[in-house]
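As the structure is a prediction and not an experimental result, all values here were calculated from the model. Atoms considered below: every heavy atom in the structure, side chains included; atoms not considered: hydrogens, waters and symmetry mates.
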Amino acid sequence: MIRAFVDRIETDERGEPIAVLLIALAEGDYLHWLCPLAWLPPDTREGSWLQVVFTPDEQAQAEMRHEIESLLQELQGE
């Protein structure tokens, strides 16, 4: 599990609110992740701590595999 700290909330060039998340990589070394505020829980504020979890998307994987196989068959004239 990854923990992220909401350092601040800004507005992007389109006027949409974004959260600047800090993720500790090593002592004194942080990854800055700009994330649309709409993707985060509704009560997210500056100073909030979040848990970040990545999970495989089996459906998207299967769809992409099918699309690639279809394109290859088309290119091979089958």
Side-chain angles (χ1 to χ4, degrees):
M1 172 192 44
I2 299 168
R3 290 191 172 99
F5 177 74
V6 181
D7 184 52
R8 61 188 180 279
I9 296 175
E10 300 178 346
T11 303
D12 68 10
E13 62 276 354
R14 296 178 314 242
E16 299 293 326
I18 57 169
V20 179
L21 305 178
L22 299 180
I23 299 170
L25 299 174
E27 183 69 32
D29 188 17
Y30 297 91
L31 169 74
H32 289 76
W33 182 7
L34 303 179
C35 182
L37 191 59
W39 292 6
L40 302 176
D43 59 345
T44 300
R45 303 284 181 262
E46 292 178 355
S48 295
W49 281 93
L50 304 169
Q51 294 179 0
V52 181
V53 179
F54 295 97
T55 58
D57 187 338
E58 301 295 334
Q59 180 180 349
Q61 184 75 26
E63 290 170 1
M64 294 278 57
R65 184 177 296 118
H66 176 72
E67 185 176 328
I68 291 168
E69 288 171 355
S70 295
L71 286 171
L72 281 172
Q73 287 177 358
E74 186 180 321
L75 289 171
Q76 294 170 349
E78 295 179 11

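- Contact of the D7 side chain with the Y30 side chain is not registered, since no non-hydrogen atoms from C-beta on lie closer than 4.5 Å.
- Note on L40 and F5: separate hydrophobic clusters, where clusters join Ile, Leu, Val, Met, Phe, Trp and Tyr whose side-chain heavy atoms are under 4.5 Å apart, directly or indirectly.
- E63 and Q59 form a side-chain donor-acceptor contact under 3.5 Å, judged by distance and modelled atom types alone.
- Follow the hydrophobic side-chain contacts under 4.5 Å out from L31 and you reach F54 in the same cluster.
- Rounded to the nearest 0.5 Å, atoms CD1 (I68) and CD (Q73) are 12.5 Å apart.
- Other residues, nucleotides and ligands contribute over 12 non-hydrogen atoms within 6.0 Å of the CH2 atom of W49.
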Trace of the side-chain contact (heavy atoms from CB on, under 4.5 Å) decision for V20 with L34: CA-CA 5 Å; V20 179; L34 303 179; 3.6 Å; yes
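- At least one side-chain heavy atom of H32 sits under 4.5 Å from a side-chain heavy atom of L22.
- Here the CG-CD1 distance, from L37 to I18, works out to 9.5 Å after rounding to the nearest 0.5 Å.
- Applying side-chain contact (heavy atoms from CB on, under 4.5 Å) to C35 and the options L21, V6, V52, T44 leaves one that passes, L21.
- In summary, of the residues considered (L50, I2, D29), a side-chain contact (heavy atoms from CB on, under 4.5 Å) with I23 occurs for I2 alone.
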